[in-house]
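Since the model is a prediction, treat every value here as computed from it, not as a measurement. Excluded from the calculations below are hydrogen atoms, water molecules and symmetry mates; all remaining heavy atoms, backbone and side chain alike, are included.
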Amino acid sequence: MAVRVAVVDPLPMFRHGVTAVLSAAGHAVDLPDDLVSWASRRSSALVLLTLAHEADWRLLARLRELPRPPAVIALIDGVPAVLGSRAIRSGARSVLPRGAVAPLLRRTVEATLDGQSVMPTGVMTAVLGAAADTIPLPTAGAVWLRELAAGTTVAQLALQSGYSERAMFRLLRALYKQMGASSRVEAIMRAREWGWL
């Protein structure tokens with residue numbers, strides 16, 4: 001029986017680009033609206049799932065609970081070691097940066113279909129139990145997150161760090177993006193979860 005591939009991502013252009021790459025490689029690709037229902041109707045399936053929001057992580061957990069869970073390739077942005085190891089621990093078989101080029105996408109899909117796990121080296125190290133402090137986080141970023149968690153305002157943090165308030169906001173946004181967080185609260189929560197605070 002042929003394995004069907006589902007692509008789940010919030011951006012239609014991204015979904016269609018991945019579909020084009022995989023279809024050209026001979027794979028039957030679906031873009032299901034209800035992924036859990038789609039996966040539960042198949043005895044063999046592969047899912048490419050972008051993990052950008054907490055709802056995506058909950059969806060990954062629901063897939064793992066199915067009687068015949070599909071193989072999942074987690075597509076991630078942010079800190080690969082942290083988000084990738086979380087994805088593997090949450091049930092993904094492989095991890096791929098969301099911005100991966102087509103040849104890497106095809107190789108990862110083929111290897112995952114063959115029962116292998118594919119992930120960046122940093123993810124593997126984190127999965128195998130490397131200490132949280134080995135995960136790359138700028139030293140200043142750790143200090144900033146600690147200060148924000150303690151109640152320091154961005155204006156105060158900018159003054160302490162020697163930046164303008166506007167520059168501090170830009171630097172913090174870049175840090176949140178690196179962590180795969182969309183807000184200050186989410187970044188602080190993730191930093192606590194990952195043992196950085």
Side-chain angles (χ1 to χ4, degrees), residues 7-15 18 35 47-64 72-100 104 108 118-197:
V7 178
V8 179
D9 186 274
L11 298 177
M13 297 258 314
F14 182 87
R15 290 191 305 266
V18 170
L35 181 61
V47 174
L48 276 78
L49 174 62
T50 297
L51 298 172
H53 306 285
E54 283 305 312
D56 304 324
W57 292 96
R58 288 190 297 273
L59 182 56
L60 177 58
R62 288 180 60 206
L63 290 173
R64 186 174 63 181
V72 176
I73 298 174
L75 303 172
I76 58 169
D77 287 322
V79 181
V82 174
L83 297 178
S85 64
R86 179 181 176 196
I88 294 294
R89 289 185 176 109
S90 298
R93 182 176 297 167
S94 295
V95 174
L96 189 63
R98 191 162 172 256
L104 180 57
T108 302
V118 179
M119 64 192 81
T121 305
V123 173
M124 182 184 66
T125 303
V127 168
L128 293 175
D133 60 355
T134 64
I135 296 167
L137 176 70
T139 304
V143 170
W144 297 339
L145 288 171
R146 273 189 222 102
E147 290 292 323
L148 291 171
T152 302
T153 67
V154 175
Q156 292 168 328
L157 187 59
L159 187 61
Q160 292 170 6
S161 303
Y163 292 104
S164 70
E165 190 172 343
R166 187 178 199 175
M168 191 79 246
F169 272 109
R170 277 196 307 270
L171 291 166
L172 289 171
R173 268 196 311 273
L175 176 63
Y176 304 160
K177 183 177 180 180
Q178 178 187 6
M179 296 174 66
S182 58
S183 69
R184 179 185 322 170
V185 171
E186 187 178 356
I188 291 169
M189 288 172 46
R190 286 186 180 191
R192 282 191 177 130
E193 179 183 321
W194 299 334
W196 290 347
L197 298 181

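- Qualifying side chain to side chain contact (heavy atoms under 4.5 Å, CB included) partners for R192, counting only residues two or more places apart in sequence or in other chains: A149, I188, L197.
- Between A92 and A74, the shortest heavy-atom contact is CB-CB, 3.9 Å.
- Taking both residues in full, the closest heavy atoms of V95 and A87 are given as CG2-CB, 4.2 Å, listed atom of the first, atom of the second, then distance.
- Between I76 and R86 there is no side-chain heavy-atom pair separated by less than 4.5 Å.
- Going from atom CG of D56 over to atom CG of L49 covers 6.0 Å, rounded to the nearest 0.5 Å.
- No side-chain heavy atom of Q160 sits under 4.5 Å from any side-chain heavy atom of V143.
- Here the CG atom belonging to L51 is positioned 10.5 Å from the CZ atom belonging to R98, to the nearest 0.5 angstrom.
- Closest approach of L60 to G91, counting heavy atoms only: CD1-C, 4.3 Å.
- Between D77 atom CG and T50 atom OG1 the span is 7.5 Å, to the nearest 0.5 Å.
- Using a 4.5 Å heavy-atom cutoff, the side chains of V154 and L148 are in contact.
- Annotation: salt bridge (Lys or Arg N to Asp or Glu O under 4.0 Å) contacts involving residues 180-190, sequence neighbours excluded, comprise E54-R190, E186-R190.
- Listed by chain and residue number, L96, A100, V101, R107, T108 satisfy the side chain to side chain contact (heavy atoms under 4.5 Å, CB included) test with L104 (two or more places apart in sequence, or in another chain).
- Of all heavy-atom pairs between Q156 and T153, the closest is OE1-N, 2.9 Å.
- We find the CG-CG distance between L83 and L75 to be 12.0 Å, quoted to the nearest 0.5 Å.
- Note that CZ of R170 is 6.0 Å distant from OG of S164, once rounded to the nearest 0.5 Å.
- In this structure the side chain of W144 reaches within 4.5 angstrom of the side chain of M168, judged on heavy atoms.
- In this structure, CZ on R93 lies 11.0 Å from CE on M119, to the nearest 0.5 angstrom.
- Residue R15 qualifies as enclosed at atom CZ: its count of foreign heavy atoms under 6.0 Å is above 12.
- Shown here for Y176 and A187, the closest heavy-atom pair between the two residues is CD2-CB, 3.4 Å.
- In this structure, F14 places its CZ atom where more than 12 heavy-atom neighbours from other residues, nucleotides or ligands lie under 6.0 Å away.
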